[in-house]
Amino acid sequence: MQHRKLGNTDIDVSVICLGTMTWGEQNTQTEAHAQLDAALDAGVNFIDTAEMYSIPPKAETYGRTETIIGEWLSARANRDKVILASKVAGPCGDWMPHVRDGRTRLDRVNIEAAIDASLMRLQTDYIDLYQVHWPDRPTNYFGRLGYTPKDDPQAIAIEDTLTVLGELVAAGKIRYVGVSNETPWGVMRYLRTAETLGLPRIVSVQNPYNLLNRSYEVGLAEIADREQVGLLAYSPLGFGVLSGKYAGGARPAGARLTLYPDYQRYLTETGIEATTAYLDLARRHNLKPAQMALAYVNSRPFLTSNIIGATSLDQLQENLATGDMELADTVLDEIEAIHRRYPYPCP
C-alpha cells in the first residue's frame, strides 16, 4: 500500500482511504467493523466520514456512521493507528431539516455543535482532518453546471469559518483543516485568509474525481501542485458505474443505483457511451474495470488519497488490491484517447 503526505503536514496517509457513507444504511455495524479490520490489515490508515452519514441522509440515520466507527475504535483500542477525517455540513435548508433544525451554516454555533457531537459519536477527543463538507456561499458543486452570479445575504464568510476552525485546532479538537466540493476560487480564498490572518492552512480538497468526471484537473490540479493542497478523490467509480455492474441497463439487487434510482449523475447519455468505451478497454487488457478505474485515479500526481467504498468484503478486497497497482503506458494512453472523445461527460 502506497502512502503519501497529507498536504504540507508530516502525516503519511494511505493512497486508499476507506469511505464509510453506506454504514448504517446498506451495511450493518458488524459488516462495517469487518471492513475496517480488513482495510487496516491491508495497510489502510485513513478513514473518511461525515456528520450527515449514512447516505442518503435521513433523520433516523444521521450520525449513525460516526457512531459505528466510534464503537470500532473503542472495541479495538487503536485510535493511534488511524488518521480520522470527518466533515461539518454546510447550509442545507429543506434538504436536511433534521440537522440542527435545518439551519446549518458554517458559523461558530453550528461548527462547535457539529464537532462536539462528532467527537462524542466517534469516541475520541480529536479528529485528524476536519473538513467543510460544502461551501456556505452559492456556487458550483454536486454537479451543478454553469455559473450564475448570486449573493446570499446570510452566507458566512470564509474568514469567519476559518477563524472558528482555527480555534478548534488551538483547542486540540482537530489537527488539520480541509475543504470539500470546493472551487478554485474557494480554495485560494481559504489559503489567502490563512496567510493574511495567521490561521490554519487547509491541507486537502475532497472533490469528485473519476474517469467520467475529471473537472478537478481544470484549475484545482495546479493548486494541488503549487500549494500542496492535494485531492481526496470521492466517487472514484462514479457511484459504481465504472465497475460495469450497471452495463446494458442492469440493476443488480442491493446495488446503490437500484436502491436509489434518483442518483443519475453518472448515467447521462454520453456518460454511458464513455463507460462502455472504458469497459471495453479494460476487457481488451484483461483488467477488472473497477480496478482499472481506481488505479487510474491513484496514478494522478495531484492525488493524496482515493476514497473507496464497498458494501461487501469481496468488493472491498478487490478495491484494496489497487493500493500498489500500476497501469501500463498503453492503457494510460488509451484512457486519454477515450477522454478526448468524451471530455467531462458527467461533471
Side-chain angles (χ1 to χ4, degrees), residues 1-2 4 14-17 19 42 143 145 205-225 230-252 255-257 263-310 314-347:
M1 179 69 64
Q2 300 177 44
R4 300 178 184 179
S14 48
V15 72
I16 297 295
C17 174
L145 295 175
V205 181
Q206 184 174 150
N207 273 25
Y209 185 80
N210 54 61
L211 291 173
L212 300 175
N213 180 0
R214 291 170 55 177
S215 56
Y216 181 92
E217 296 172 3
V218 183
L220 282 167
E222 182 179 8
I223 295 173
D225 174 49
L231 170 65
L232 306 182
Y234 78 78
S235 290
L237 293 177
F239 293 167
V241 170
L242 287 164
S243 71
K245 63 184 175 183
Y246 302 112
R251 292 295 182 271
R256 186 185 309 177
L257 298 185
Y263 290 168
Q264 295 291 306
R265 184 171 183 174
Y266 296 102
L267 291 175
T268 65
E269 182 178 348
T270 51
I272 292 171
E273 291 176 5
T275 298
T276 300
Y278 288 122
L279 296 178
D280 178 66
L281 170 60
R283 182 170 57 252
R284 286 188 285 105
H285 289 272
N286 295 313
L287 295 168
K288 294 181 178 180
Q291 290 187 329
M292 183 187 79
L294 294 174
Y296 179 79
V297 174
N298 296 346
S299 72
R300 300 302 85 192
F302 47 77
L303 180 88
T304 295
S305 193
N306 186 358
I307 304 172
I308 64 167
D314 287 343
Q315 180 187 12
L316 178 64
Q317 295 290 1
E318 180 178 316
N319 294 347
L320 290 172
T322 65
D324 56 3
M325 180 179 174
E326 294 187 8
L327 296 175
D329 288 342
T330 53
V331 175
L332 293 172
D333 289 343
E334 290 188 58
I335 285 174
E336 294 308 312
I338 295 171
H339 179 58
R340 286 191 292 272
R341 286 164 50 201
Y342 302 102
Y344 317 111
C346 304

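Residues take their numbers from the sequence shown, with the count starting at 1.
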Query raised in the report: Relative to each other, are the rings of Phe239 and Tyr263 parallel, tilted or perpendicular (30° and 60° limits)?
Result: tilted
**Report entry** Reported NZ-to-CE distance for the pair Lys288 and Met325, which is rounded to 0.5 angstrom
**Finding:** 9.5 Å
Requested in this report: Measure the spacing between OH of Tyr246 and CG of Leu257 and express it to the nearest 0.5 Å.
Outcome: 4.0 Å
Query raised in the report: Between Asn306 and Cys17, is any pair of side-chain heavy atoms under 4.5 Å apart?
Result: no
Report summary line: Tightest non-hydrogen contact, residues Gly244 and Leu279, listed as CA-CD2, 3.6 Å
Query - Carboxylate-amine/guanidinium proximity below 4.0 Å for Glu334 and Arg284 - result: yes
Query - Single hit among Asn319, Val15, Leu320, Ile16 for side chain to side chain contact (heavy atoms under 4.5 Å, CB included) with Leu294 - result: Asn319
Query raised in the report: How close do Leu242 and Pro236 get, heavy atom to heavy atom, and via which atoms?
Result: CD1-O, 3.9 Å
Query raised in the report: Is it true that a side-chain atom of Thr322 and a backbone atom of Gln291 form a donor plus acceptor pair closer than 3.5 Å?
Result: no
**Report entry** Atom pair CG (Leu281) and CD1 (Ile338), whose distance is rounded to the nearest 0.5 Å
**Finding:** 4.5 Å
Report task. Would you check if Thr304 and Leu231 make a side-chain contact, meaning some heavy-atom pair closer than 4.5 Å? Result -> no
**Report entry** Gap separating the CD1 atom of Ile335 from the CZ atom of Arg340, nearest 0.5 angstrom
**Finding:** 11.5 Å
Report task. Could you tell me which non-hydrogen atom of Pro345 sits nearest to which non-hydrogen atom of Thr270, and how far apart they are? Result -> CB-OG1, 3.6 Å
Query raised in the report: OG of Ser299 to CD of Gln2: how many Å apart, nearest 0.5 Å?
Result: 9.5 Å
Query raised in the report: Is there a side-chain contact between Leu212 and Tyr344 (heavy atoms, below 4.5 Å)?
Result: no
Requested in this report: Evaluate the side-chain proximity of Val241 to Ile272: yes if any heavy-atom separation is below 4.5 Å, no if none is.
Outcome: no
**Report entry** Sidechain-backbone polar pair: Arg4 side chain, Gly230 backbone, donor-acceptor under 3.5 Å
**Finding:** no
**Report entry** NZ/NE/NH1/NH2 to OD/OE distance under 4.0 Å, Arg214 and Glu336
**Finding:** yes
Query raised in the report: Would you say Asn207 and Leu232 make side-chain contact, with heavy atoms under 4.5 Å?
Result: no
Query raised in the report: What distance do Thr275 atom OG1 and Leu237 atom CG have between them, rounded to the nearest 0.5 Å?
Result: 10.5 Å
Requested in this report: Compute both the distance and the angle, then confirm whether Arg300 meets the cation-pi test with Tyr296: under 6.0 Å from the six-membered ring centre, within 45 degrees of the axis.
Outcome: yes
Requested in this report: Decide yes or no on side chain to side chain contact (heavy atoms under 4.5 Å, CB included) for Ser235 and Tyr266, but give the supporting numbers first.
Outcome: CA-CA 10 Å; Ser235 290; Tyr266 296 102; 4.0 Å; yes
**Report entry** Non-hydrogen side-chain atoms of Tyr278 and Arg283 separated by less than 4.5 Å
**Finding:** no
**Report entry** Where Pro289 and Ala282 come nearest, the two heavy atoms and their spacing
**Finding:** CA-CB, 3.9 Å
Query raised in the report: Aromatic ring centroids of Tyr216 and Phe302 under 6.0 Å?
Result: yes
**Report entry** Side chain to side chain, Arg265 and Asn213, heavy atoms closer than 4.5 Å
**Finding:** yes
Query raised in the report: Would you say Asp324 and Met1 make side-chain contact, with heavy atoms under 4.5 Å?
Result: no
Requested in this report: May I have the step-by-step check of side chain to side chain contact (heavy atoms under 4.5 Å, CB included) for His339 and Leu211, ending in yes or no?
Outcome: CA-CA 8 Å; His339 179 58; Leu211 291 173; over 6 Å; no
Report task. Report, as yes or no, whether the 6.0 Å neighbourhood of atom CD on Glu326 holds more than 12 heavy atoms from other residues, nucleotides or ligands. Result -> no
Query - For the student: nearest non-hydrogen atoms of Lys245 and Gly240, plus distance - result: CG-O, 3.9 Å
